[in-house]
Each structure stands twice: as structure tokens, then as C-alpha cells.
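Order of the sequence lines sets the chain letters (A, B, ...), proteins ahead of strands, with each chain counted from 1.
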2 protein chains.
Amino acid sequence: MFSLNYRDARPIYEQVKEGLRRLMVTGAIQMGEKLPSVRALAGTLAINPNTIQRAYEALEQEGYLYTIVGKGSFAAGKGDGSLARRETLLGQFDAAATELLFLGMTTEELAHRIQKANGREGQAR
Amino acid sequence: MFSLNYRDARPIYEQVKEGLRRLMVTGAIQMGEKLPSVRALAGTLAINPNTIQRAYEALEQEGYLYTIVGKGSFAAGKGDGSLARRETLLGQFDAAATELLFLGMTTEELAHRIQKANGREGQAR
DNA sequence: TAAGTGTACTAAGGCACATGGTACAGTCTT
DNA sequence: AAGACTGTACCATGTGCCTTAGTACACTTA
């Protein structure tokens with residue numbers, strides 16, 4: 001599924017968030033698919049269920065999953081992302097692009113990189 | 001110069017790093033220009049000099065500034081960025097691009113955004 | 001009924017961050 | 001030579017977030 005890095009400065013629940021988000025964005029987890037339960041994922045990653053709960057809670061607020069009490073958590077659709085998440089991403093995108101241009105990369109190189117990213121995304125139709 | 005956000009989850013020294021990096025990347029601080037001293041910047045931002053010191057130390061390791069004991073710290077040139085920093089940026093760029101494409105943005109929209117970023121960058125020749 | 005689901009608490013410990021203080025070596029101005 | 005400025009290096013302290021552990025409750029499903 002994905003792995004944790006305890007040497008990373010970022011908190012575990014952030015790594016869980018990014019790991020799940022990545023699986024959904026790349027199509028490894030498709031829309032409507034059931035995610036592992038809080039306790040199950042906690043057991044797999046050998047961490048506390050509370051930490052998983054925190055990650056799920058945040059992902060739900062970002063629009064990446066919805067939850068039904070007693071049934072479980074499920075991956076949301078593409079159009080369900082929050083505006084706040086989109087703004088955050090655009091900020092990260094612009095900052096990275098500006099700095100990479102400063103470091104000598106060309107607009108063509110970055111544009112080509114987007115093409116490759118477009119290939120990775122949405123392999124799930 | 002730039003401002004701190006105490007409600008932000010990121011540590012202060014990270015915000016200082018990003019603030020200075022942004023000023024250098026956008027040309028507001030040019031190559032070879034002297035940066036404010038550790039104590040001066042600490043006074044301006046109303047924080048501890050140790051925190052500034054930590055930010056400067058990290059920026060030097062990233063290749064964004066060089067320092068001369070007794071004289072001060074100075075903005076480095078474009079070609080002095082570390083490879084590690086470049087790899088970090090490329091990772092952030094790809095991740096943001098992939099997720100934005102998932103959320104419905106087109107490659108053309110992102111490419112156009114890079115053009116605008118290219119306008120902001122390097123206004124200092 | 002029993003097992004599995006999300007959710008909500010509380011208590012405790014660990015760790016990074018930030019502060020305050022002191023000190024030293026080097027550079028520059030006077 | 002003296003003083004003011006630079007970066008740098010400690011140490012001790014407090015705070016807040018993260019993480020764990022444990023318990024409990026409402027709901028769904030087999």
C-alpha cells in the first residue's frame with residue numbers, strides 16, 4: 001500500500017494522508033472503493049488507530065473520502081475536492097515552478113513534465 | 001520584507017527560510033546582496049536570534065546564501081543551488097501537478113500558469 | 001447476538017520548536 | 001587600541017504537537 005518513514009520530519013498522520021491521497025489520485029484506489037478500516041490500517045502500519053482516525057478525518061474535510069458510520073470510509077469522486085485544497089495545491093505548484101525556473105529550468109521542460117504527470121494520472125477511467 | 005504567521009502549523013524558522021528564498025527567487029534580493037544580520041532580522045521579526053540562525057544555516061546548506069564570519073551573509077548565485085533542493089522541488093512540482101490534473105485542471109491551464117511564473121521570476125537580470 | 005464499523009473522550013510520555021542567556025572569534029570603523 | 005558589529009556555539013527552560021494506550025458508545029452487518 002504505502003510505507004511510513006519515521007526519520008521524516010513530517011508527522012505520521014500527514015504521511016498517511018499523502019499516501020492515501022496518492023493512491024486515489026493515481027487510480028490505485030478508485031471512486032467509491034472501500035478504504036481499510038481505522039483499526040485494520042492501524043494494524044497494518046503498526047501504529048495507533050487514533051492516528052489513522054486523524055488522517056481520515058482530515059481527508060474527509062478535504063473532500064477525498066466520505067464515511068458512513070458502521071459501514072466504513074470510501075473514496076470520493078474527482079469533483080468532490082474542496083476549494084481550500086485546490087488553493088493550497090495551486091500555491092505549491094506556483095512556488096515550485098517559480099523556484100525551478102530560477103534554478104535554470106525552462107518552461108518547456110516543466111511543461112513536458114506535466115505531460116508525463118498527465119500520463120500517470122487517471123489510468124482509472 | 002515578509003511576515004510570520006503564528007497560526008501556521010509550520011515552524012517559524014521554516015517560514016523565515018521560505019520568505020527569504022522567495023525574495024531571492026523573485027529578484028527582490030539580488031545575487032551578492034547582503035542579507036540582514038541575524039540579530040537585526042530577529043529584532044525586526046520580534047523573534048529570537050537563534051531561530052534566524054537556524055534558518056540561515058539551512059539556507060546555506062541549500063546553496064541559497066553564503067556567509068563570511070565577521071562580515072555577514074550574502075545571497076548566492078543561481079547556479080549555487082544544491083541538487084538535493086532541486087530534487088525536493090521536482091517532487092513537489094510533480095505531486096501538485098498530478099493532483100491538480102486529477103481534480104480536473106488541464107495541462108494547458110498548468111502550462112499557462114508556468115508562463116506567468118516565468119514572468120515573475122528573474123525580473124532581475 | 002456477535003463482530004466490525006466510525007467516533008469521542010482522557011491520561012501520559014516524547015520530542016521538536018522557540019526562547020533567554022552567555023560566550024567567543026573574526027571584521028570593520030573610529 | 002578600542003568599540004561595535006558580524007557569525008557561531010553552547011545550555012537550560014518552557015510550551016505545544018504528536019503519538020500512544022485505554023475505554024466507551026452508536027450504528028451496521030452476518
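- Applying the 4.0 Å criterion to OP1 and OP2 of C:dC17, one finds that B:Tyr13 has a side-chain N or O inside that range.
- Using a 4.5 Å heavy-atom cutoff, the side chains of A:Glu109 and A:Leu100 are not in contact.
- Put simply, the residue from A:Asn48, A:Val38, A:Leu41 that forms a side-chain contact (heavy atoms from CB on, under 4.5 Å) with A:Gln53 is A:Val38.
- In this entry the distance linking OH of A:Tyr6 with C1' of C:dC15 reads 15 Å, nearest Å.
- Computed from coordinates, the A:Arg54 CZ to D:dT19 C1' distance equals 9 Å when rounded to whole Å.
- At a non-hydrogen distance threshold of 4.0 Å, B:Thr67, B:Gly70, B:Lys71 from residues 57-71 of chain B come into contact with DNA chain D.
- Using a 4.5 Å heavy-atom cutoff, the side chains of B:Thr26 and A:Phe102 are not in contact.
- Ranked by how close their nearest DNA chain C nucleotide is to the 5' end, B:Ala46 and A:Arg39 are led by A:Arg39.
- Contact annotation: the side chain of B:Glu18 never approaches that of B:Gln15 to less than 4.5 Å [non-hydrogen atoms, C-beta and beyond].
- Comparing D:dT8, C:dT7, C:dT5 by their nearest atom to the side chain of B:Val38 picks out D:dT8.
- Heavy-atom minimum distance, A:Tyr64 versus A:Met24: O-SD, 3.3 Å.
- Side-chain proximity of A:Ile12 to the nucleotides C:dT19, D:dT6, D:dT19 is greatest for D:dT19.
- Of all heavy-atom pairs spanning A:Ala76 and A:Asp80, the tightest one is CB-OD2, 3.6 Å.
- Separating the CD1 atom of B:Ile52 from the C1' atom of D:dC5 is a distance of 17 Å, rounded to the nearest angstrom.
- Look at CZ on A:Phe74: it is 11 Å from P on C:dT5, rounded to the nearest Å.
- For A:Thr51 and D:dT20, the shortest distance from a side-chain N or O to OP1 or OP2 is below 4.0 Å.
- The minimum heavy-atom distance linking A:Gln61 with A:Ser82 is given by the pair O-CB, 4.0 Å.
- When the P atom of D:dT20 is taken as reference, atom CG of A:Leu4 falls 9 Å away, rounded to whole Å.
- Between the CG atom of A:Asn48 and the C1' atom of D:dC17 there is a distance of 15 Å, given to the nearest Å.
- For the pair B:Leu41 CG and D:dT6 P, the interatomic distance rounds to 11 Å; values are reported in whole Å.
- How far NZ of B:Lys71 is from NZ of B:Lys34: 9.5 Å, rounded to the nearest 0.5 Å.
- Taking atom CD on B:Glu14 and atom C1' on C:dA16, their separation rounds to 12 Å, with Å as the unit.
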Atom pairs under 3.5 Å, N or O on each side, protein against nucleotides 9-12 of chain C: can you list them with distances?
none

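- The two atoms that bring A:Leu103 and B:Gly81 nearest to each other are CD2-CA, 4.3 Å, heavy atoms only.
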